[in-house]
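Structure first, commentary second.
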Amino acid sequence: MTGLPKLVMIIGAIILVIGFLMQFIKIGRLPGDIIIKKENATFYFPLMTSILISVILSVVFYFIGRFK
């Protein structure tokens, strides 16, 4: 169980770095995101953004697992 605190700290650091970088990199509103604007409502579904974040996190967790 000594590896669990280390894993939680690594995940926290990754979330902190991603949160900091998202202030400068406007990752939302990519081509492929679904935006539907009606009279008084807007529906925004970040499809491409979700795929991009999923790929990035998969690579990060792959490397964490590989070099652990």
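- Remark: Ile35 pairs with Arg29, Lys37, Thr42, Tyr44 by the side-chain contact (heavy atoms from CB on, under 4.5 Å) rule, at least two apart or across chains.
- Under the side-chain contact (heavy atoms from CB on, under 4.5 Å) criterion, Ser58 pairs with Ser54, not counting sequence neighbours.
- Note on Phe61: it clusters hydrophobically with Ile15, by side-chain heavy-atom contacts below 4.5 Å among ILVMFWY residues.
- Taking hydrophobic clusters as Ile, Leu, Val, Met, Phe, Trp and Tyr residues chained together by side-chain heavy-atom distances below 4.5 Å, Ile11 shares a cluster with Leu57.
- Between atom CG of residue Leu16 and atom CG of residue Leu21 there is a gap of 9.5 Å, rounded to the nearest 0.5 Å.
- A continuous path of hydrophobic side-chain contacts links Met48 to Ile56 [ILVMFWY only; heavy atoms under 4.5 Å].
- Every residue meeting the side-chain contact (heavy atoms from CB on, under 4.5 Å) condition with Ile14, not counting sequence neighbours, appears here in chain and number order: Ile10, Ile18, Val60, Ile64.
- Tyr62 and Val59 fall within a single hydrophobic cluster, where Ile, Leu, Val, Met, Phe, Trp and Tyr are joined by side-chain heavy atoms under 4.5 Å apart, directly or via other members.
- Rounded to the nearest 0.5 angstrom, Ile34 CD1 and Leu47 CG are separated by 5.5 Å.
- Partners of Phe24 under the side-chain contact (heavy atoms from CB on, under 4.5 Å) rule, at least two apart in sequence or in another chain, are Phe20.
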